[in-house]
Amino acid sequence: YMQGEYGVHAIHFVDSFFNMNKEKAKDFQTGFNNEKLNLKWSMETRVDTLTCEIIDRLYETGLRAIKIGIESQDNELLKKYNRIPPDINHAINIVKHCNQKGIRTNICYIIGFPGQTKNDIVKTLELAKKLNSTFANFFIFTPIPGTDFIKNNNIEIIDNNLNHRDNFHLVFKHKNFNNKKLRKIQSRFIRKYYFRISWVLKYLKLKKK
């Protein structure tokens, strides 16, 4: 419908569990191929749901970009806040395979977890460079009002402007950072990630594909 009515030629699925159900993913692939839509598309998913075989199958349907969350290099920190630590070696292999296929990867990282120090955060940047995805996002940790996370971890919200729940503002009281300092780190990380010869060469090579 979207293709016929509006001439859409690309679609992004905003669904973090897009590839979680393997059977539904296969049904999607079959339906996409049967309709002969000739669309390019991208998705959000967890890296632990991806394999090279799955990527190859989805590539044939038009998959050209994948967005995944790695969040932090600190497994203990992720476990503390009920996150499932990713397998970094697996993530590296997935990114490499996507590069070979011409699929762009966008990896999201989080800085400013409660209790994090500057040294902790710098390690996240080093991990991002190691993975060397097509794009990298460095989001400031943003607790959501009304969630158990705030209650269970004694989070003190100091900024109640809902417009600042955008991953670019520090909205809670952090013992090591204020908003200005953390945003400065965020900006520096973005520059250090993209202003690298290795990233520029990789991006140019991928664009040719």
Side-chain angles (χ1 to χ4, degrees), residues 10 12-14 16 18-19 40-78 83-113 116-142 166-168 170 176-177 180-209:
H12 176 61
F13 292 97
V14 184
S16 298
F18 182 88
N19 198 50
K40 306 303 179 187
W41 62 278
S42 59
M43 67 175 177
E44 298 177 5
T45 191
R46 293 179 53 87
V47 70
D48 56 9
T49 70
L50 294 172
T51 65
C52 294
E53 180 185 358
I54 290 173
I55 290 172
D56 290 344
R57 290 204 311 265
L58 295 179
Y59 179 85
E60 295 303 318
T61 69
L63 175 66
R64 292 299 181 270
I66 298 175
K67 184 176 183 180
I68 57 178
I70 296 296
E71 298 185 353
S72 173
Q73 90 298 334
D74 190 337
N75 286 351
E76 294 305 314
L77 177 73
L78 294 176
R83 315 298 291 174
I84 301 176
D87 182 333
I88 299 303
N89 289 328
H90 177 65
I92 291 173
N93 290 332
I94 290 298
V95 171
K96 285 182 178 179
H97 189 70
C98 286
N99 289 339
Q100 294 169 358
K101 300 290 292 187
I103 297 174
R104 299 180 182 186
T105 50
N106 186 351
I107 297 183
C108 301
Y109 304 91
I110 296 177
I111 62 175
F113 279 98
Q116 267 193 322
T117 65
K118 185 177 180 180
N119 287 337
D120 295 332
I121 293 176
V122 168
K123 291 177 183 177
T124 298
L125 175 61
E126 295 307 312
L127 172 62
K129 290 180 178 179
K130 183 178 180 180
L131 286 168
N132 201 30
S133 53
T134 317
F135 303 104
N137 295 323
F138 299 95
F139 294 133
I140 292 176
F141 181 84
T142 306
D166 58 1
N167 301 120
F168 289 91
L170 181 63
N176 296 316
F177 304 105
K180 183 178 180 180
K181 186 174 182 179
L182 197 55
R183 291 198 68 178
K184 186 176 181 179
I185 292 174
Q186 183 186 39
S187 297
R188 187 165 69 248
F189 276 20
I190 292 171
R191 292 195 303 270
K192 285 189 173 184
Y193 185 82
Y194 289 106
F195 292 176
R196 293 179 297 133
I197 295 298
S198 61
W199 181 86
V200 172
L201 292 176
K202 175 182 176 179
Y203 182 72
L204 292 175
K205 183 178 180 181
L206 190 59
K207 283 206 71 173
K208 290 181 180 180
K209 293 184 178 181

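Predicted model, so just to flag it, every value in this text is computed and none were measured.
Here OG of S133 is found 12.5 Å from OH of Y203. Values are rounded to the nearest 0.5 Å. Atoms CD1 and CZ, from I121 and F138 in turn, are 11.5 Å apart once rounded to the nearest 0.5 Å. Taking OG1 of T49 as the start and CD1 of I54 as the end, the distance is 6.5 Å to the nearest 0.5 Å. Interatomic distance, T117 OG1 to N176 CG, rounded to the nearest 0.5 Å: 6.5 Å. Summarising the geometry, atom CZ belonging to F189 is positioned 8.5 Å from atom CD belonging to E126; distances are rounded to the nearest 0.5 Å. Put simply, CG on L77 and CG on D120 are 7.5 Å apart, with the number rounded to the nearest 0.5 Å.
Residues passing the side chain to side chain contact (heavy atoms under 4.5 Å, CB included) test with K123 are Q73, sequence neighbours excluded. For Y109, the side chain to side chain donor-acceptor pair (under 3.5 Å) criterion is met by no residue, not counting sequence neighbours. Shown here are the side chain to side chain donor-acceptor pair (under 3.5 Å) partners of Q116, two or more places apart in sequence or in another chain: there are none. Judged as a side chain to side chain contact (heavy atoms under 4.5 Å, CB included), and not counting sequence neighbours, the contacts of R64 are K40, Y59. Residues passing the side chain to side chain contact (heavy atoms under 4.5 Å, CB included) test with K181 are F177, N178, sequence neighbours excluded. For F168, the ring-ring contact (aromatic ring centres under 6.0 Å, His included) test picks out no residue, with sequence neighbours left out. Under the salt bridge (charged side-chain N to carboxylate O under 4.0 Å, His left out) criterion, R46 pairs with D48, not counting sequence neighbours. For S72, the side chain to side chain donor-acceptor pair (under 3.5 Å) test picks out no residue, with sequence neighbours left out. Residues satisfying the side chain to side chain donor-acceptor pair (under 3.5 Å) test with D166, not counting sequence neighbours, are H169. In this structure R83 satisfies the salt bridge (charged side-chain N to carboxylate O under 4.0 Å, His left out) test together with E71, sequence neighbours excluded.
Closest approach of G112 and F141 over heavy atoms only: O-CB, 3.5 Å. Contact detail for R196 and Y193: the closest heavy-atom pair is NE-O, 2.6 Å. Between C108 and F139, the shortest heavy-atom distance links the atoms SG-CE1, 3.8 Å. W41 and T61 get closest at one heavy-atom pair: NE1-OG1, 2.9 Å.
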Side-chain donor-acceptor distances from residues 85-93 under 3.5 Å, at least two apart:
| from | atom 1 | to | atom 2 | distance (Å) |
| --- | --- | --- | --- | --- |
| D87 | OD1 | N89 | N | 3.1 |
| D87 | OD1 | H90 | N | 3.1 |
| H90 | NE2 | V47 | O | 3.2 |
| H90 | NE2 | L50 | O | 2.9 |
| N93 | ND2 | N89 | O | 3.3 |

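Other residues, nucleotides and ligands place no more than 12 heavy atoms under 6.0 Å from the CD1 atom of I84. Heavy-atom neighbours of K130 NZ from other residues, nucleotides or ligands within 6.0 Å: at or below the threshold of 12. The environment of CG in L201 is crowded: more than 12 heavy-atom neighbours from other residues, nucleotides or ligands sit within 6.0 Å.
In this structure, S187 contributes its side chain and K184 its backbone to no donor-acceptor pair below 3.5 Å. Formation of a donor-acceptor pair under 3.5 Å by the T105 side chain with backbone atoms of I103 is not found in this model.
Of the residues listed (L78, T124, I140), the one engaging F113 in a side-chain contact (heavy atoms from CB on, under 4.5 Å) is L78, and it is the only one.
Sequence neighbours left out, the pairs with a member in residues 51-63 that pass salt bridge (Lys or Arg N to Asp or Glu O under 4.0 Å) are E53-R57, D56-K101.
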Item checked: Chi angles and distances behind the side chain to side chain contact (heavy atoms under 4.5 Å, CB included) call for T45, I68 -> CA-CA 5 Å; T45 191; I68 57 178; 4.0 Å; yes
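By the 4.5 Å heavy-atom criterion applied to side chains, V95 and I107 are counted as neighbours.
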